[in-house]
Amino acid sequence: MKIGYPCINWTIDCKGNKTFRLKSYSEDRLKIIVKNNLDCLETILKYNIDNNVSFFRITSDLVPFASHPICKFNWQEHFKEDFVRIGELIQKNNIRISMHPDQFIVLNSPDENIFQRSTKELLYHAQILDLMKLDSTAKIQLHIGGAYKDKKSSITRFIQRYKELDSVIKKRLVIENDDRIYSLKDCLYVNQKTNIPILFDVFHHSILHNGETINDAVKTCSGLWDKKDGLLMVDYSSQKFGENKGRHTEKIDTKDFKLFLEETKSYDFDIMLEIKDKEKSALKAIDIAKEDPRFIKI
DNA sequence: TCACGTCAAGCAGAT
DNA sequence: ATCTGCTTGACGTGA
């Protein structure tokens, strides 16, 4: 069991997700920003190593506009050595890595252009992980997509599109249950047809489910990850008190987290804490989990 | 130095 | 028809 947080560290005065406006795009600007982002990523990873945080989600903003037609720059070659160095740091310290393309990336859109753009963006994500020479346990997590008032055919379209993807994407892509359209049950159907692993989101499942217990869900999903995929990844959050259903909490609910660990104690997996205060909650979670026999220290 | 309008991109559901 | 939320902040102009 590894525990981590996504993309941003609020403790360190360094942001690896800096970007700029499309209007102010230039090759020089891109070089400066990407250099900054890579340096900060390295700094954050070192912070994580010092603090036993062995799971991290790399921001999709690492290379701004990488998949946009405006970008003709060969950033892959230009920053090759930086990627290799960061990749070595990750592997040497046995850190698990994930990425999560944002909401604009939809494989099952009826609009062919959106599908094509999404494919380019997925390729960009895969390239980041490939340039770091990470193995296929480093994953890219994605939701199934939209429903377009016809969920059945939208799922079928996802399956068809998935099958046509480049293998560099397919070896890393996993699907995640969401909180409004595609439940764990829907993901399992897609898994049957494609063998794609399912990343289990505990919080989404609490909002949209078909009666499966957390224990059953974790058990089922664990079995879908082969050796080449690594351990099951789980996204964990809880409800923000007093807000609309689905809003993520600001800080970890330690009581809820302890219950979650207790309920799932028969299974091993890696936990990504989707909580607003990022590393602060991750450190609390690690402190709680450090007595757990599943927990791995760096 | 600060306020604030806006930012590449999709979709669903609420207002 | 428009706004909000999603992993939700932060860029950049104008004063």
Side-chain angles (χ1 to χ4, degrees), chain A residues 4-10 13-26 29-30 32-33 36-37 40 44 55-71 97-125 139-151 154-155 157-158 161 174 176-183 186 199 201-204 207-208 233-240 243-252 271-282:
Chain A
Y5 61 95
C7 308
I8 295 169
N9 181 307
W10 295 113
D13 186 24
C14 190
K15 291 275 174 303
N17 60 333
K18 280 185 86 71
T19 184
F20 53 91
R21 296 283 168 257
L22 180 58
K23 258 201 270 185
S24 50
Y25 180 92
S26 75
R29 189 73 189 269
L30 183 71
I32 292 166
I33 290 284
N36 169 82
N37 288 351
C40 284
I44 293 172
F55 189 14
F56 188 66
R57 183 182 299 164
I58 294 176
T59 175
S60 298
D61 287 332
L62 199 65
V63 184
F65 307 106
S67 74
H68 191 281
I70 201 169
C71 180
I97 294 292
S98 68
M99 294 188 83
H100 194 339
D102 64 31
Q103 61 267 37
F104 309 107
I105 311 312
V106 199
L107 279 183
N108 76 343
S109 173
D111 184 334
E112 183 69 21
N113 292 322
I114 292 172
F115 167 59
Q116 291 299 340
R117 283 201 293 273
S118 297
T119 307
K120 286 199 177 74
E121 183 73 359
L122 287 176
L123 188 62
Y124 151 67
H125 283 75
K139 293 301 188 189
I140 301 168
Q141 63 188 91
L142 197 66
H143 296 290
I144 292 176
Y148 313 97
K149 294 177 181 156
D150 184 353
K151 219 169 129 176
S154 296
I155 287 189
R157 195 163 49 247
F158 178 92
R161 296 255 176 89
V174 299
E176 174 190 353
N177 58 302
D178 68 71
D179 58 351
R180 295 192 302 179
I181 307 167
Y182 295 107
S183 67
D186 298 318
L199 184 152
D201 188 308
V202 186
F203 185 42
H204 289 162
I207 297 164
L208 179 69
M233 289 178 175
V234 171
D235 279 359
Y236 171 86
S237 186
S238 58
Q239 176 65 39
K240 180 171 177 179
E243 287 278 337
N244 293 340
K245 212 173 176 186
R247 287 294 291 271
H248 288 211
T249 179
E250 301 282 338
K251 55 184 173 43
I252 189 168
I271 307 175
M272 178 60 62
L273 297 165
E274 292 190 326
I275 297 176
K276 307 235 186 204
D277 70 359
K278 308 286 179 181
E279 77 286 354
K280 255 173 122 175
S281 283

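This is a predicted model, so every value here is computed, not measured. Note on naming: letters A, B, ... go to the chains in the order of the sequence lines (proteins, then strands), and numbering restarts at 1 for each one. Only this structure's heavy atoms are used, side chains among them; waters, hydrogens and symmetry mates stay out.
Nucleotides of DNA chain C nearest to Cys7(A) and Arg21(A) differ in position, and the one nearer the 5' end is that of Cys7(A). Each of Leu22(A) and Pro6(A) has a nearest nucleotide on DNA chain C; the 5'-most of these lies closest to Pro6(A).
Heavy atoms of Thr19(A) sit under 4.0 angstrom from primed sugar atoms or phosphate atoms, though from no base atom. Backbone-only contact: Ile181(A) has heavy atoms under 4.0 Å from sugar-phosphate atoms and none from a base. Counting non-hydrogen atoms under 4.0 angstrom, Asp102(A) reaches a base of the nucleic acid. Residue Phe65(A) is in base contact, counting any heavy-atom pair closer than 4.0 Å across all strands shown. Residue contacts for Pro69(A): at a heavy-atom cut-off of 4.0 Å it reaches no nucleic acid atom on any strand shown.
Rounded to whole angstrom, the span from the NZ atom of Lys15(A) across to the P atom of dA10(C) amounts to 6 Å. If you measure from atom CG of Asp178(A) to atom C1' of dA12(B), you get 11 Å, rounded to the nearest angstrom. If you measure from atom CG of Asp179(A) to atom P of dT7(C), you get 6 Å, rounded to the nearest angstrom. The separation between Lys278(A) atom NZ and dG9(C) atom P is 7 Å, rounded to whole Å. Atoms CD (Gln103(A)) and P (dC7(B)) sit 16 Å apart, rounded to a whole Å. One can place CZ of Phe56(A) at 12 Å from C1' of dT7(C), the figure rounded to the nearest angstrom. Between the OH atom of Tyr124(A) and the C1' atom of dA9(B) there is a distance of 14 Å, given to the nearest Å. The nearest whole Å value for the distance from the CD1 atom in Ile33(A) to the C1' atom in dA10(C) is 11 Å.
Not a single disulfide bond (SG atoms under 2.5 Å apart) links Cys71(A) to another residue, sequence neighbours left out.
Here, dG5(C) and dA3(B) have their P atoms 22 Å apart, quoted to the whole Å. Only the C1' atoms considered, dA1(C) is 23 Å distant from dA8(B), to the nearest whole Å. Distance check on atom P: dT7(C) versus dC2(B) gives 33 Å, rounded to whole Å.
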Distances for protein N or O near nucleotides 13-15 of chain C N or O, under 3.5 Å:
none

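Counting only heavy atoms from C-beta on, Arg57(A) has its side chain closest to dT7(C) among dT7(C), dC11(C), dA12(B). Side-chain proximity of Trp10(A) to dG9(C), dA9(B), dC11(B): nearest is dG9(C). Closest contact between the side chain of Arg180(A) and the listed nucleotides dG9(C), dG13(B), dC11(C) involves dG13(B). Comparing dT7(C), dA8(B), dG13(B) against the side chain of His68(A) picks out dA8(B) as the nearest.
In a base pair of the Watson-Crick type (N1 to N3 plus N6-O4 or O6-N4) or a G-U wobble (N1-O2 and O6-N3), with each distance short of 3.5 Å, dA14(B) is matched with dT2(C). A 3.5 Å limit on both hydrogen-bonding distances identifies no Watson-Crick or G-U partner for dA9(B).
In this structure, Lys151(A) places its NZ atom where more than 12 heavy-atom neighbours from other residues, nucleotides or ligands lie under 6.0 Å away.
Annotation: cation-pi pair Arg29(A)/Phe65(A) absent, no NZ/CZ under 6.0 Å from the ring centroid and within 45° of its normal.
Atom OG of residue Ser60(A) and atom CE of residue Met99(A) lie 5.0 Å apart, to the nearest 0.5 angstrom. For the atom pair CD (Glu176(A)) and NE2 (His204(A)), the distance works out to 5.5 Å, reported to the nearest 0.5 Å.
Stacking between Phe104(A) and dA9(B) is present: the aromatic ring centre lies within less than 5.5 angstrom of the base six-membered ring centre, and the two planes differ by under 30 degrees.
Residue His143(A) has no polar side-chain atom (N or O) positioned under 4.0 Å from OP1 or OP2 of dC11(B). When the side-chain nitrogen and oxygen atoms of Arg29(A) are compared with OP1 and OP2 of dG12(C), one or more of them lie within a distance under 4.0 Å. Residue His204(A) has a polar side-chain atom (N or O) positioned under 4.0 Å from OP1 or OP2 of dT7(C). An OP1 or OP2 oxygen of dG12(C) is reached within less than 4.0 angstrom by no side-chain nitrogen or oxygen of Lys23(A). Taking 4.0 angstrom as the limit, Ser109(A) places a side-chain polar atom (N or O) nearer than this to OP1 or OP2 of dC11(B).
No side-chain donor-acceptor contact under 3.5 Å links Asp201(A) to the backbone of Asn177(A). At distances below 3.5 Å, at least one donor-acceptor pair connects side-chain atoms of Asn37(A) with backbone N or O atoms of Asp61(A).
Residues Tyr236(A) and Phe203(A) keep their aromatic ring centres 6.0 Å or farther apart.
Neither side chain, Ser237(A) nor Glu274(A), offers a donor N or O lying under 3.5 Å from an acceptor on the other.
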